[in-house]
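Worksheet: the structure to be examined is printed underneath.
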Amino acid sequence: MHIGMVGLGRMGGNMAERLRAAGVEVTGYDANPENTEVATLAELAAALPRPRRVVWVMVPAGPPTAAVLEELAEVLDEGDLVVEGGNSHFEEDRVNAETLAERGISYVDVGVSGGIWGRENGYGLMAGGAAEDIEHLMPVFDALRPEGPREEGFVHAGPVGAGHYAKMVHNGIEYGLMQAYAEGYQLLEARDDLIPDVGAVFGAWRRGTVVRSWLLDLMVKAVEEDPGLDDISGWVDDSGEGRWTIIEAIDAAVPVPVISSALFARFSSRQPNSPAMRAVAALRKQFGGHAVHASDGGAKVGAPPGATAERGSVAAPGASE
């Protein structure tokens, strides 16, 4: 089989290499002249065998994806097939599919998980589209997925949009898992009198425990490379899927408190001196006369003489808020 790959970045480039290693021929196009194998999308289309040319798109969601699909609609023909493997919103898939269908071009959306490790370990794939299109692409899916039973690394999740919907929920779950590991790390680190080596504790969880996972393996690797995680900022971005998951949950009246908290924790990470929490501290001082910390984290303001800030301090039992 011979396919085109649009976008040869960290994901697309590694996917192309894994496909080639499995015997799938790949012609790649990238907007960066240093990465591309052909000069234009028209040249990419011309390099692919007829009939039923296949082009897999791996570019950032939103306008970049829309621009690529618009151009592909001009250079592909009836019967060809486009796979959108980025992290697009599932509602956009329906629009994309309808636009390409007007020209007789099929469309499949695929959520891809595996990150930079996918080239070696394989990618978890969640596909949405017509059954005949999925069947045509199965050699590609089998080359990309991890070794082992197909159903443990690939799913035809449903019609167009289902692949990206499944990936959206997958990423929402990922938010919650990462946040739980992070909070556990902080709690262990807070008791350095009892736990002198947090990394060793996490490492001991990698076999036999109910919290073992690939994410835990990566957490151990991160701590081994940077004990104390001193070389990295606490600022955490979000790529959008967590927000979409929560919006869907609201529309479906499905409670997702863990995923919601994980997303809001990422927002908190971007506010080292949160205006909202300063307001809470100010209100506690106003109505209860509670001590507040100076803006530089030093001694408490409004506390009894000699009081200093203490890590982990709490109000006395029965104290009013």
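Rounded to the nearest 0.5 Å, atoms NZ (Lys167) and OG (Ser88) are 11.0 Å apart. Note: Glu225 CD to Asp231 CG = 10.5 Å, rounded to the nearest 0.5 Å. Met58 contributes atom CE, which lies 4.5 Å from atom CE of Met11 (distance to the nearest 0.5 angstrom). To the nearest 0.5 angstrom, Trp56 atom CH2 is 7.5 Å from Leu19 atom CG. Between the CG atom in Asn14 and the CD1 atom in Ile116 there is a gap of 8.0 Å [rounded to 0.5 Å]. Considering CG of Asn171 and OG of Ser113, their distance stands at 6.5 Å, rounded to 0.5 Å.
Side chains of Val83 and Val57 form no contact here, defined as non-hydrogen atoms less than 4.5 Å apart. Considering only heavy atoms from C-beta on, Glu25 stays 4.5 Å or farther from Ile3 through its side chain. In this structure, the side chains of Asp238 and Arg270 come closer than 4.5 Å at one or more pairs of heavy atoms. Here the side chains of Phe154 and Ile134 are in contact, with some heavy-atom distance below 4.5 Å. No side-chain heavy atom of Met219 sits less than 4.5 Å from a side-chain heavy atom of Glu224. Using a 4.5 Å heavy-atom threshold, the side chains of Glu37 and Leu44 count as separate. Side-chain contact between Val201 and Ile195: present, with at least one pair of heavy atoms (C-beta onward) separated by less than 4.5 Å.
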- Message: I'd like to know whether Met178 forms a side chain to side chain contact (heavy atoms under 4.5 Å, CB included) with Leu215, so could you lay out the CA-CA distance, the side-chain angles of the two residues, the decisive distance to 0.1 Å, and finally the verdict.
- Response: CA-CA 7 Å; Met178 287 193 291; Leu215 281 176; 4.1 Å; yes
Begin from the C-alpha positions of His164 and Glu84 and carry the test side chain to side chain contact (heavy atoms under 4.5 Å, CB included) through to its verdict.
CA-CA 9 Å; His164 282 148; Glu84 209 290 83; 3.2 Å; yes
Report the C-alpha distance between Arg52 and Asp133 in whole Å, list the side-chain angles of each, state the deciding distance to 0.1 Å, and finish with yes or no for side chain to side chain contact (heavy atoms under 4.5 Å, CB included).
CA-CA 10 Å; Arg52 198 73 164 145; Asp133 295 331; 2.4 Å; yes
| request: With salt bridge (Lys or Arg N to Asp or Glu O under 4.0 Å) as the test, would you mind laying out the steps for Asp77 and Arg53 before giving the verdict? | output: CA-CA 8 Å; Asp77 296 326; Arg53 292 176 292 184; 3.0 Å; yes
Given Val110 and Met126, is the side chain to side chain contact (heavy atoms under 4.5 Å, CB included) satisfied, shown in steps? CA-CA 5 Å; Val110 180; Met126 297 143 268; 5.9 Å; no
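Remark: the backbone N or O of Glu189 is not paired with any side-chain donor or acceptor of Asp192 at under 3.5 angstrom. Using a distance-only test at 3.5 Å, with no hydrogens or angles considered, no donor-acceptor pair links the side chain of Arg206 to the main chain of Thr209. Checking side-chain atoms of Thr36 against main-chain N and O of Asp30 turns up a donor-acceptor pair under 3.5 Å.
Closest approach of Val6 to Leu41, counting heavy atoms only: CG2-CD2, 3.7 Å. When all heavy atoms of Arg150 and Asp142 are compared, the closest pair comes out as NH2-OD2, 2.7 Å. Closest heavy-atom contact between Gly124 and Pro146: N-CD, 4.4 Å. Between Met168 and Glu248, the shortest heavy-atom contact is CE-CG, 3.6 Å. Nearest heavy-atom pair across Leu8 and Ala16 is CD2-CB, 4.5 Å. For the residue pair Ala262 and Gln179, the shortest heavy atom distance occurs at CB-CB, 3.8 Å.
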Please set out all donor-acceptor pairs under 3.5 angstrom arising from side-chain atoms of residues 95-103, sequence neighbours excluded.
from	atom 1	to	atom 2	distance (Å)
Asn96	ND2	Glu92	O	3.2
Asn96	ND2	Tyr107	OH	3.2
Thr99	OG1	Val95	O	2.9
Arg103	NH2	Glu74	OE2	2.9

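Side chains of Tyr29 and Glu43: a donor-acceptor N/O pair is absent below 3.5 angstrom, by distance only. Under 3.5 Å, the side chains of Ser213 and Tyr181 contain a donor-acceptor pair of N or O atoms.
Counting non-hydrogen atoms of other residues, nucleotides and ligands closer than 6.0 Å to CD of Glu147 gives a total of 12 or fewer. The environment of CD1 in Ile232 is sparse: at most 12 heavy-atom neighbours from other residues, nucleotides or ligands sit within 6.0 Å. Within a 6.0 Å sphere centred on CD of Glu91, other residues, nucleotides and ligands contribute more than 12 heavy atoms. Remark: Trp214 CH2 is packed, more than 12 non-hydrogen atoms of other residues, nucleotides or ligands lying under 6.0 Å away.
Between Glu17 and Arg20, at least one side-chain nitrogen of the basic residue sits less than 4.0 Å from a carboxylate oxygen of the acidic one, meeting the salt-bridge criterion. A salt bridge does not link Arg212 with Asp217: none of the charged nitrogens is closer than 4.0 Å to a carboxylate oxygen. The pair Arg94-Asp109 does not meet the salt-bridge criterion, since no charged nitrogen lies less than 4.0 angstrom from a carboxylate oxygen. A salt bridge does not link Asp237 with Arg266: every distance from a Lys NZ or Arg NE/NH1/NH2 to an Asp or Glu carboxylate oxygen is 4.0 Å or more.
Leu188 and Tyr185 fall within the same hydrophobic cluster, where Ile, Leu, Val, Met, Phe, Trp and Tyr residues are linked whenever their side-chain heavy atoms come under 4.5 Å apart, directly or through other members. By the rule that hydrophobic residues join a cluster once side-chain heavy atoms approach within less than 4.5 Å of another member, Leu137 and Val26 end up as members of one cluster. Note on Tyr165: it clusters hydrophobically with Trp244, by side-chain heavy-atom contacts below 4.5 Å among ILVMFWY residues. Under the 4.5 Å side-chain heavy-atom criterion for Ile, Leu, Val, Met, Phe, Trp and Tyr, Ile250 and Phe264 are members of the same hydrophobic cluster. Hydrophobic clustering keeps Val112 apart from Val169 (ILVMFWY residues linked when any side-chain heavy atoms are closer than 4.5 Å, directly or through intermediates).
Of the candidates Leu72, Ile105, Thr27, Val55 forms a side-chain contact (heavy atoms from CB on, under 4.5 Å) with just one, namely Leu72.
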